[in-house]
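Below is one structure; the comments refer to it alone.
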Amino acid sequence: QVQLVESGGGTVQPGGSLTLSCVASTSIFPIIAMAWFRQVPGKERELVATVSTGGVPKYADSVKGRFTISRDNAKNTVYLRMNSLKPDDTAVYYCSAHGMGYWGQGTQVTVSS
């Protein structure tokens with residue numbers, strides 16, 4: 001069982017920045033690939049970014065160059081740094097143990113002037 005707890009969401013103006021954090025309650029965190037997804041009402045959950053066990057990131061085209069995913073294995077934490085935020089980035093963001101079916105509760109990000 002893996003529990004994931006996200007934090008760091010909020011409301012920001014277009015062009016602003018936020019950093020999301022996700023803490024995993026498992027000793028096997030260093031050997032789990034991690035991911036961030038997002039979802040808006042009425043749409044499917046969208047993969048935003050992944051980070052491998054070795055720290056190699058991958059991004060959706062929609063966020064490439066603006067978002068940075070990283071992990072700190074000593075803290076069992078994965079981060080999502082979001083810069084140059086746009087209104088289209090508004091969503092509930094979920095942390096996931098990639099491919100394992102474990103999800104956090106989600107954190108709301110709203111980009112609005």
Side-chain angles (χ1 to χ4, degrees):
Q1 188 78 6
V2 177
Q3 291 186 326
L4 303 170
V5 179
E6 301 105 333
S7 61
T11 299
V12 64
Q13 292 187 342
S17 298
L18 281 175
T19 298
L20 306 182
S21 301
C22 172
V23 180
S25 62
T26 174
S27 60
I28 64 170
F29 178 81
I31 62 171
I32 300 175
M34 298 297 296
W36 286 96
F37 288 75
R38 65 186 181 187
Q39 189 169 25
V40 297
K43 292 189 176 182
E44 291 188 356
R45 197 166 289 189
E46 174 192 18
L47 177 62
V48 174
T50 63
V51 61
S52 71
T53 56
V56 177
K58 291 186 178 180
Y59 301 96
D61 287 344
S62 58
V63 306
K64 205 171 290 184
R66 300 188 297 121
F67 290 12
T68 302
I69 189 171
S70 61
R71 64 189 299 157
D72 184 339
N73 288 342
K75 296 181 179 180
N76 279 12
T77 301
V78 61
Y79 303 96
L80 186 68
R81 173 66 177 178
M82 305 183 293
N83 295 327
S84 303
L85 283 161
K86 306 174 182 179
D88 283 350
D89 295 318
T90 296
V92 178
Y93 283 71
Y94 296 91
C95 172
S96 170
H98 198 37
M100 296 180 66
Y102 294 109
W103 298 87
Q105 81 286 356
T107 185
Q108 176 70 47
V109 171
T110 302
V111 184
S112 174
S113 55

Partners of [X] by side-chain contact (heavy atoms from CB on, under 4.5 Å), sequence neighbours excluded?
X	value
Gln105	Val5, Glu6
Val12	Leu18, Leu85, Val111
Pro57	Tyr59, Ile69

For Trp103 and Tyr94, take the angle between the two ring planes, folded into 0 to 90°, and tell me which bin it lands in: parallel under 30, tilted 30 to 60, perpendicular over 60. perpendicular
With a sphere of 6.0 Å drawn around CD of Gln3, does it hold more than 12 non-hydrogen atoms of other residues, nucleotides or ligands? no
Distance, nearest 0.5 Å, that separates CZ of Arg71 from OG of Ser52: 7.0 Å
Side-chain donor/acceptor pairs under 3.5 Å, residues 40-51, sequence neighbours excluded:
{"from": "Arg45", "atom 1": "NE", "to": "Gln39", "atom 2": "OE1", "distance (Å)": "3.2"}
{"from": "Arg45", "atom 1": "NH2", "to": "Gln39", "atom 2": "OE1", "distance (Å)": "3.3"}
{"from": "Glu46", "atom 1": "OE1", "to": "Arg38", "atom 2": "NE", "distance (Å)": "2.8"}
{"from": "Glu46", "atom 1": "OE2", "to": "Ser62", "atom 2": "OG", "distance (Å)": "3.4"}

Do [X] and [Y] sit in one hydrophobic cluster, given that two such residues count as connected whenever their side-chain heavy atoms are within less than 4.5 Å of each other, even indirectly?
X	Y	value
Val92	Tyr79	no
Leu4	Phe37	no
Val23	Val78	no

Pairwise side-chain contact, Met82 with Val109, heavy-atom cut-off 4.5 Å (strictly under): yes
Going by the side-chain hydrogen bond (donor to acceptor under 3.5 Å, both in side chains) test, which pairs reach into residues 8-31, not counting sequence neighbours? Ser17-Asn83, Thr19-Arg81
Does anything in residues 35-92 form a disulfide (SG to SG under 2.5 Å)? List the pairs, not counting sequence neighbours. none
Salt bridge (charged side-chain N to carboxylate O under 4.0 Å, His left out) assessment of Asp89 paired with Lys86: CA-CA 5 Å; Asp89 295 318; Lys86 306 174 182 179; over 6 Å; no
Heavy-atom donor-acceptor pair, Thr77 side chain to Lys75 backbone, under 3.5 Å: yes
Which pair of non-hydrogen atoms, one from Ser113 and one from Pro14, has the smallest distance, and what is that distance? N-CD, 3.7 Å
Nearest heavy-atom contact between Ala35 and His98 is CB-ND1, 3.8 Å
Between Met100 and Ile32, does the side-chain contact (heavy atoms from CB on, under 4.5 Å) criterion hold? Intermediate values first, please. CA-CA 9 Å; Met100 296 180 66; Ile32 300 175; 3.7 Å; yes
Sub-6.0 Å ring centroid separation between Phe67 and Trp36: no
Run Met34 and Tyr102 through side-chain contact (heavy atoms from CB on, under 4.5 Å) and show every step you take. CA-CA 10 Å; Met34 298 297 296; Tyr102 294 109; over 6 Å; no
